[in-house]
There are 2 protein chains.
Amino acid sequence: MSNKIELSEDVRLLASYSKALSHPTRLYILKKLSEMNSCCYSGDLVDEVPVGRSTLSQHLKELKYAGLIQGETEPPYIKYCLNRENWEKAKQLYAGLFQIDQTIK
Amino acid sequence: MSNKIELSEDVRLLASYSKALSHPTRLYILKKLSEMNSCCYSGDLVDEVPVGRSTLSQHLKELKYAGLIQGETEPPYIKYCLNRENWEKAKQLYAGLFQIDQTIK
DNA sequence: ATTCCATTTCGTATTTTTGCGAAATAACGA
DNA sequence: TCGTTATTTCGCAAAAATACGAAATGGAAT
């Protein structure tokens, strides 16, 4: 018989967030969104980031799928923002992993 | 002409750490190593983690390649420990991304 | 209705990741 | 020397990730 462990939901979720963070382009986008504390347009990003339009779109889709961003359509543009709730969840999970004390503001 | 940005070294490094963290099995190993604050043996891990020996070995190799763990041979076992220096570096990078205030102990 | 614009989806190719079992390795003990 | 034990490497297959250009979509303006 085996003593194999069932990996916890938190471990799975953190792995999934980490996968979202594991590409430089996606990380750049998240960093930017979190730092500027507002939203940005896909069309602006494509000028900054070193990938083509369709590839950028794929990365945005993945970030959306991971739950880290959300997009509002604002014709003819699409405005992307952080999903604050899940961003906070990710923050907690990473803080837990690295045992970072978080001071209450 | 293009305004494409050169992605920073920190972004690349954080992406690479994130890739290492992006698999539940690897995350489980790192979590365990960081929590128990000492080292562990590959042979113990294989009983806990839901993958075979050779697959576990691959994951350990990847974690080593990412610089997050190191292995000392202690025949007939191999003892794996966190690479504290790079673990700390990763901690800083994630803290920066999530803007976590780190209190000095 | 047609054109224009920003963006996504599709089709495709290449590379990387994940996983396993079998074979190889390295150190030790009989 | 010959097993035994712990672990890794090899060979392979299947699945997922990355990237691009061409075509499709959905509104808005003419």
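Sequence lines set the chain letters: A, B, ... in the order given, protein chains first and strands last, and positions in each chain run from 1. This one's a predicted model, so the numbers in the text were calculated from it and none came from an experiment.
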| query | Where along residues 49-56 of chain B does a heavy atom fall under 4.0 Å from DNA chain C? | reply | Val51(B), Gly52(B), Ser54(B), Thr55(B)
Of the non-hydrogen atoms in [X] and [Y], which two are nearest, and what is the gap between them?
| X | Y | result |
| --- | --- | --- |
| Leu63(B) | Ala20(B) | CD2-O, 4.0 Å |
| Leu27(B) | Leu21(B) | CD2-O, 3.6 Å |
| Cys81(A) | Leu33(A) | C-CD1, 4.1 Å |
| Gly67(B) | Asn83(B) | O-CB, 3.2 Å |
| Leu45(B) | Lys32(B) | CD2-CD, 4.2 Å |
| Pro24(B) | Val11(A) | O-CG1, 3.6 Å |

| request: Apply side chain to side chain contact (heavy atoms under 4.5 Å, CB included) to the pair Lys31(B) and Leu14(A), showing each step before the final yes or no. | output: CA-CA 11 Å; Lys31(B) 204 174 173 59; Leu14(A) 189 48; 5.9 Å; no
Rounded distance in Å - [atom1] ([X]) to [atom2] ([N]):
| X | N | atom1 | atom2 | answer |
| --- | --- | --- | --- | --- |
| Lys79(B) | dT7(D) | NZ | C1' | 17 Å |
| Ile78(B) | dA6(D) | CD1 | C1' | 7 Å |
| His59(B) | dT7(D) | NE2 | C1' | 16 Å |
| Leu45(B) | dT8(D) | CG | P | 10 Å |

| So which pairs with a foot in residues 53-63 of chain B pass side-chain hydrogen bond (donor to acceptor under 3.5 Å, both in side chains), sequence neighbours left out? | Arg26(B)-His59(B), Arg26(B)-Glu62(B)
| Axis deviation across the helix from dA1(C)-dT30(D) to dA30(C)-dT1(D), five-pair ends, to the nearest 10° | 0°
| said: Do Leu93(A) and Leu97(A) make a side-chain contact, defined as non-hydrogen atoms from C-beta onward lying under 4.5 Å apart? | reply: no
| said: Taking any heavy-atom pair under 4.0 Å as a contact, classify Ser57(A): base, sugar-phosphate, or nothing. | reply: base
Residues touching DNA chain D, which here means a heavy atom under 4.0 Å, drawn from [range]:
| range | answer |
| --- | --- |
| residues 26-33 of chain B | none |
| residues 7-22 of chain A | Lys19(A) |
| residues 60-70 of chain A | Glu62(A) |

| said: Under the criterion side chain to side chain contact (heavy atoms under 4.5 Å, CB included), I'd like the reasoning laid out for Tyr28(B) against Ile5(A): C-alpha separation, chi angles, the key distance, then a yes or no. | reply: CA-CA 10 Å; Tyr28(B) 175 85; Ile5(A) 277 168; 3.0 Å; yes
| said: Under 4.0 Å from a heavy atom of chain A: give me the 5'-most and 3'-most nucleotides of DNA chain C that qualify. | reply: dA6(C) to dT9(C)
| said: Restricting to side-chain hydrogen bond (donor to acceptor under 3.5 Å, both in side chains), what partner residues turn up for Glu88(A), sequence neighbours left out? | reply: Gln92(A)
| remark: For Tyr94(B), the side-chain hydrogen bond (donor to acceptor under 3.5 Å, both in side chains) test, sequence neighbours excluded, returns Ser18(B)
| request: For Ile100(B) and Gln102(A), run side chain to side chain contact (heavy atoms under 4.5 Å, CB included): C-alpha distance rounded to whole Å, both residues' side-chain angles, the deciding distance at 0.1 Å, then the answer. | output: CA-CA 7 Å; Ile100(B) 303 175; Gln102(A) 293 184 76; 3.8 Å; yes
| remark: Sequence neighbours excluded, the answer for side chain to side chain contact (heavy atoms under 4.5 Å, CB included) partners of Ser16(B) is none
| Should Tyr65(A) and Tyr17(A) be counted in the same cluster of Ile, Leu, Val, Met, Phe, Trp and Tyr side chains packed under 4.5 Å apart? | no
| Whether Lys4(B) side chain and Val46(A) backbone form a donor-acceptor pair below 3.5 Å | yes
| message | Suppose clustering is done on Ile, Leu, Val, Met, Phe, Trp and Tyr with side-chain heavy atoms closer than 4.5 Å. Which residues sit in the same group as Tyr77(B)? | response | Tyr41(B)
| said: Does anything in residues 65-81 of chain A form a salt bridge (charged side-chain N to carboxylate O under 4.0 Å, His left out)? List the pairs, not counting sequence neighbours. | reply: Glu74(A)-Lys79(A)
